[in-house]
Amino acid sequence: MSEPLPGPSTTASDLLTELSTLTTEQVSDDLRDLDTLSTSQLVQTMNRWDHDVPRAVERVLPEIAAAIDGVTQRLADGGRLVYLGAGTPGRLGILDASECPPTFNTDPGMVVGLIAGGDGAIRTAVENAEDDPVAAVNDLESLSLTARDVVVGISASGRTPYVVGGLRHAQALGALTVAVACNSPSAIGDAADHAIEVVVGPEIVAGSTRLRAATAQKLVLNMISTITMVKLGKTFGNVMVDLRATNEKLRARSRRAVMLITGADETQAQHTLQLAAGSVKVAVVMLLTGLEASDAHHAVEREPSLRRALASVSSDRRR
């Protein structure tokens with residue numbers, strides 16, 4: 001029989017005791033006079049405290065790398081990346097997911113963000129929604145989650161019932177599960193295949209985990225999505241080659257990418273992009289190999305990595 005889904009603490013006293021054990025809820029004695037400081041002192045203090053965040057992330061780089069390898073494999077096999085969180089962590093997941101289509105030309109369904117309380121909670125706080133683990137199960141079922149997918153649960157405290165419930169459900173289905181928390185050990189870490197626990201310590205305003213904890217979570221999510229996409233061939237070196245050019249800035253960026261990789265001038269890059277239907281990868285293959293647009297398109301279809309597509313064309317010609 002599966003474990004019962006977690007719910008809110010039985011009593012207010014239980015919750016108070018639980019919160020007192022979390023580093024993200026601690027009150028720093030060094031900041032007891034915070035409200036008496038000048039604006040200049042406040043910005044210096046906040047900046048100094050923020051310096052601790054990348055060091056905390058650095059301590060868990062092996063765990064992040066292991067999780068990314070798992071995510072990359074699942075997405076390469078046709079799976080999806082689903083972020084799951086409540087409040088600020090949920091919004092961070094949605095932000096990261098929403099940036100993938102324009103940056104890496106992914107299908108909107110490939111990277112998805114879910115937030116406790118639904119889309120309305122993106123703009124307006126629905127604080128009690130985080131206490132409902134069954135809602136996470138329902139949200140994941142609405143996506144028809146499968147064993148090919150990945151669920152990344154995000155919670156600063158590491159105890160959010162919505163996230164714990166979602167991760168347990170995903171594990172039961174055989175999906176890969178990743179936890180991103182800012183306390184260790186954490187309940188969501190215990191419910192995941194990969195536990196990324198970035199301990200940033202107390203916040204400058206005690207318990208306000210939209211600050212250092214949220215910054216740490218954003219850095220980790222940046223790594224998960226960006227490095228996964230790099231490994232899936234969405235860049236050539238550090239140049240975006242799978243971006244979706246839907247406005248003038250992105251069209252200019254496409255031209256610049258073609259110019260940087262091939263050495264073509266702007267006129268040549270723009271003309272080739274037009275022949276390539278806007279695809280940077282196809283345009284680069286055309287310019288570097290001399291293939292016609294249709295043949296270059298087939299080369300990129302066979303091998304989505306631009307570097308490997310170029311190598312494949314070169315190898316075919318040597319045969």
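Sequence positions, counted from 1, serve as the residue numbers for this chain.
No more than 12 heavy atoms of other residues, nucleotides or ligands lie within 6.0 Å of CD in E292, so this atom counts as exposed by the packing criterion. Within 6.0 Å of CZ on R123 lie no more than 12 heavy atoms contributed by other residues, nucleotides or ligands. Remark: E58 CD is loosely packed, at most 12 non-hydrogen atoms of other residues, nucleotides or ligands lying under 6.0 Å away. Taking a 6.0 Å sphere around CG of N238, one finds it holds 12 or fewer heavy atoms contributed by other residues, nucleotides or ligands.
For the residue pair S40/Q44, the side-chain donor-acceptor check at 3.5 Å is satisfied. When only modelled atom types and interatomic distance are considered, D96 and Y83 share a side-chain donor-acceptor pair under 3.5 Å. A side-chain donor from one of Q73 and D77 sits under 3.5 Å from a side-chain acceptor of the other. For N183 and E197, the side-chain atoms include no donor-acceptor pair closer than 3.5 Å. Using modelled atom types, one finds no donor on one side chain facing an acceptor on the other under 3.5 Å when comparing T267 with Q270.
Side chain of S314 to backbone of L310: no donor-acceptor contact under 3.5 angstrom is found. In this structure a side-chain-to-backbone donor-acceptor pair under 3.5 Å is present from T72 to I68. Put simply, the side chain of S98 gets close to the backbone of L95: a donor and an acceptor are under 3.5 Å apart. Listed for the R91 side chain is no donor-acceptor partner under 3.5 Å among the backbone atoms of G85. A donor-acceptor pair under 3.5 Å is formed between the side chain of N247 and the backbone N or O of L250. Using modelled atom types, one side-chain atom of R212 and one backbone atom of P202 make a donor-acceptor pair closer than 3.5 Å. Panel note: side chain T124, backbone A121; no donor-acceptor pair is recorded below 3.5 Å. With hydrogens and angles disregarded, no donor-acceptor distance shorter than 3.5 Å links the side chain of S279 to the backbone of A276. In this structure a side-chain-to-backbone donor-acceptor pair under 3.5 Å is present from D193 to T177. Counting only distance, with no hydrogens or angles, the side chain of E203 and the backbone of A213 share a donor-acceptor pair below 3.5 Å.
At a threshold of 4.0 Å, the pair E248-R251 counts as salt-bridged, since one of the basic side-chain nitrogens sits closer than that to a carboxylate oxygen.
Annotation for P133 and G165: closest pair CB-CA, 3.9 Å, computed over non-hydrogen atoms. Across all their heavy atoms, V280 and V258 have their closest contact at CG1-CG2, 4.0 Å. In terms of heavy-atom proximity, G153 sits nearest to L167 at N-CD2, 3.8 Å. Here the closest non-hydrogen pair linking S225 and C100 is CB-SG, 4.2 Å. Here the shortest heavy-atom pairing between S155 and G158 reads OG-N, 2.9 Å. Across L145 and A175, no two heavy atoms sit closer than the pair CD2-CB, 4.3 Å.
V57 and V230 sit in two unconnected hydrophobic clusters of ILVMFWY residues. Membership requires side-chain heavy atoms under 4.5 Å apart, directly or through other members. Taking hydrophobic clusters as Ile, Leu, Val, Met, Phe, Trp and Tyr residues chained together by side-chain heavy-atom distances below 4.5 Å, V220 shares a cluster with L176. L92 and I115 are not part of a single hydrophobic cluster, where members link through side-chain heavy atoms under 4.5 Å apart.
Put simply, CD1 on I261 and CZ on R256 are 11.0 Å apart, with the number rounded to the nearest 0.5 Å. How far CG of L81 is from CD1 of I224: 7.0 Å, rounded to the nearest 0.5 Å. Atom CG of residue D149 and atom CE of residue M110 lie 11.0 Å apart, to the nearest 0.5 angstrom. Taken to the nearest 0.5 Å, the OG atom of S305 stands 6.5 Å off from the NZ atom of K281. The line from CG of D119 to CD1 of I122 is 4.5 Å long, rounded to the nearest 0.5 Å. One finds the CG atom of D107 at 10.5 Å from the CZ atom of R80 (value rounded to the nearest 0.5 Å).
Counting heavy atoms from C-beta on, the side chains of I188 and R159 never come closer than 4.5 Å. Between E266 and M259 there is a side-chain heavy-atom pair separated by less than 4.5 Å. Between M229 and T106 there is a side-chain heavy-atom pair separated by less than 4.5 Å. Using a 4.5 Å cut-off on side-chain heavy atoms (C-beta onward), L243 and N105 make no contact. A 4.5 Å side-chain heavy-atom check between V137 and E141 finds at least one atom pair inside the cut-off. Looking only at side-chain heavy atoms (C-beta outward), L140 and V82 come within less than 4.5 Å of each other. With a 4.5 Å cut-off on side-chain heavy atoms, E63 and H194 do not count as touching. V241 has its side chain out of reach of K234: every pair of non-hydrogen atoms, C-beta onward, lies at least 4.5 Å apart.
Of the listed residues (T160, I154, V163), just one forms a side-chain contact (heavy atoms from CB on, under 4.5 Å) with P89, and that residue is I154.
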Legend entry - side-chain contact (heavy atoms from CB on, under 4.5 Å) between F236 and D242, intermediate numbers included: CA-CA 9 Å; F236 186 83; D242 243 347; over 6 Å; no
Inset, instruction - Kindly indicate, with the supporting measurements, whether the criterion side-chain contact (heavy atoms from CB on, under 4.5 Å) is fulfilled by I204 and L31. - result: CA-CA 7 Å; I204 190 171; L31 299 172; 3.7 Å; yes
Inset, instruction - Check the pair V164, R168 against side-chain contact (heavy atoms from CB on, under 4.5 Å), reporting the backbone distance first and the verdict last. - result: CA-CA 6 Å; V164 178; R168 287 184 179 171; 3.8 Å; yes
